[in-house]
Amino acid sequence: MFPPAPSAPSAQLPAAPPAADPAAVEAFIARWRAATGSERANYQLFVGELCALLALPPPEPARGEAAENAYCFERRVLFRHGDGDASAGFIDCYRRGAFVLEAKKLRTGGARTFDDAMLRARGQAENYARALPAEEGRPPFLVVADVGNVVELYAEFSRSGATSTPYPDPRSHRIALEDLRREEIRQRLAALWRDPLSLDPARKSARVTRDIAAHLAEVAKSLEASGHAAETVAGFLTRCLFSMFAEDVALIPKGAFSDLLASLRDAPEQFVPLVGELWRAMDRGEFSVAIRAVLP
């Protein structure tokens with residue numbers, strides 16, 4: 001069964017955020033760089049001001065029934081224990097269908113100690129996500145914030161309970177306060193609120209694949225309309241695709257086939273002899289005059 005879709009709060013957001021005022025970004029960075037209080041003292045203010053900076057609505061007032069709290073601070077969850085008992089926990093900030101946010105204010109000295117503390121906070125966030133009622137579904141993102149310092153993103157787009165992984169990758173999942181100067185970072189965080197599943201790389205790949213397939217179909221129709229047999233066209237396009245794959249994985253020099261095609265745009269009469277020569281050299285493992293390289 002698929003997890004439930006995000007509830008009303010996500011649907012109320014505008015399609016795209018307005019561009020942030022550079023002066024507002026600098027003021028936010030300066031204000032929070034100087035913050036030294038505990039996470040309990042500052043995290044709600046930090047999240048609220050971050051929402052304001054990104055033109056996002058702030059969390060809503062909490063209500064008596066936990067299930068009503070789709071977007072709030074201190075969302076209550078129940079941890080079920082093996083002996084049948086249960087204990088309450090509170091998510092620092094929760095947005096149904098989007099994220100669980102765990103806030104800290106770390107005062108550790110070394111980088112390794114800091115990393116360990118952030119990983120423990122990530123573990124806490126994961127436990128909170130797993131404690132959410134099944135009917136709500138698990139959010140695709142975990143957010144770990146060291147208030148006024150960094151924000152880390154972890155994603156699990158299947159929402160099946162598998163372990164979340166650094167998003168978009170282990171080298172860039174940590175967003176420093178100063179990174180908010182970058183438009184792409186602000187857009188990533190805004191998408192986390194607005195449409196978190198839009199950040200799923202699989203969805204982007206599927207969209208690109210559909211676009212490419214549609215384009216290839218148009219090329220095939222054009223070639224067939226020029227009098228070429230469908231089987232010949234299919235073989236030709238397959239060779240083109242393989243050549244692009246070969247340059248991507250360095251079976252032939254990087255960019256060699258693409259550069260050759262670009263160079264022939266204004267000399268189409270040279271296309272058949274040069275591309276044909278390249279494919280024969282690829283087939284035999286010879287030196288290709290067309291790209292000036294020895295091929296495996």
Side-chain angles (χ1 to χ4, degrees), residues 1-6 10-11 13-19 97-98 137 140-141 153 155-160 162 165 167-169 172 182-283 288 290-291 293 295:
M1 181 180 292
F2 291 105
S10 293
L13 295 174
F141 276 94
L153 304 183
E156 200 280 284
F157 290 108
S158 75
R159 305 173 67 193
S160 63
T165 56
Y167 182 87
D169 57 65
S172 51
R182 295 160 52 194
E183 177 66 22
E184 69 270 22
I185 294 297
R186 297 196 300 271
Q187 289 182 359
R188 184 182 304 166
L189 291 173
L192 184 69
W193 262 258
R194 287 183 156 76
D195 186 8
L197 295 181
S198 70
L199 297 171
D200 184 353
R203 292 194 173 198
K204 294 180 181 179
S205 296
R207 184 171 62 251
V208 170
T209 300
R210 287 194 300 271
D211 292 344
I212 291 173
H215 184 62
L216 284 174
E218 290 301 318
V219 173
K221 289 178 185 177
S222 174
L223 291 172
E224 290 173 19
S226 299
H228 300 286
E231 184 177 349
T232 303
V233 170
F236 168 72
L237 292 178
T238 298
R239 290 184 181 192
C240 288
L241 288 173
F242 179 79
S243 300
M244 294 174 187
F245 164 77
E247 68 178 6
D248 284 345
V249 298
L251 284 172
I252 64 177
K254 289 281 188 179
F257 184 66
S258 299
D259 291 344
L260 176 61
L261 294 183
S263 72
L264 296 173
R265 180 171 295 173
D266 297 324
E269 71 281 359
Q270 298 178 21
F271 180 90
V272 171
L274 287 178
V275 174
E277 188 276 334
L278 169 62
W279 284 344
R280 286 190 294 274
M282 290 171 66
D283 185 47
S288 170
I291 63 171
L295 305 181

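We use all heavy atoms of the structure for the numbers below, so side chains are in, but hydrogens, waters and symmetry mates are not. Note that the numbering runs from 1 along the sequence shown for the chain.
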Does the side chain of Pro253 reach to within under 4.5 Å of the side chain of Leu295, using non-hydrogen atoms?
yes
Does a side-chain heavy-atom distance below 4.5 Å link Leu192 with Arg188?
no
Partner set under side-chain hydrogen bond (donor to acceptor under 3.5 Å, both in side chains) for [X], not counting sequence neighbours:
X: Ser172; value: Asp169
X: Gln270; value: none
X: Ser258; value: Glu247
X: Arg280; value: none

If the condition is salt bridge (charged side-chain N to carboxylate O under 4.0 Å, His left out), which residues does Arg203 pass it with, not counting sequence neighbours?
none
Sequence-distant partners of Lys221, salt bridge (charged side-chain N to carboxylate O under 4.0 Å, His left out), two or more places apart
Glu218
With sequence neighbours excluded, tell me which residues meet side chain to side chain contact (heavy atoms under 4.5 Å, CB included) with [X].
X: Ala191; value: Ser198, Leu199
X: Arg265; value: none
X: Ala214; value: none
X: Ala217; value: none

Where is the tightest heavy-atom contact between Gly97 and Arg159, given as atom of each residue plus distance?
CA-NH2, 3.9 Å
Considering non-hydrogen atoms only, spot the tightest contact between Pro196 and Phe157 and give its length.
O-CE2, 3.7 Å
Say you draw a straight line from [atom1] of [X] to [atom2] of [Y]; how long is it, rounded to the nearest 0.5 Å?
X: Glu269; Y: Leu264; atom1: CD; atom2: CG; answer: 8.5 Å
X: Leu197; Y: Phe141; atom1: CG; atom2: CZ; answer: 8.5 Å
X: Arg194; Y: Gln187; atom1: CZ; atom2: CD; answer: 10.0 Å
X: Leu278; Y: Asp283; atom1: CG; atom2: CG; answer: 11.0 Å

Could you go step by step and tell me if Met282 and Ser288 meet the side-chain contact (heavy atoms from CB on, under 4.5 Å) rule?
CA-CA 8 Å; Met282 290 171 66; Ser288 170; over 6 Å; no
Phe257: what forms a ring pair (Phe, Tyr, Trp, His ring centres under 6.0 Å) with it, not counting sequence neighbours?
none
What donor-acceptor contacts under 3.5 angstrom involve side-chain atoms of residues 231-245, with partners at least two apart or in another chain?
from: Thr238; atom 1: OG1; to: Ala234; atom 2: O; distance (Å): 2.8
from: Ser243; atom 1: OG; to: Arg239; atom 2: O; distance (Å): 2.8
from: Ser243; atom 1: OG; to: Trp279; atom 2: NE1; distance (Å): 2.8

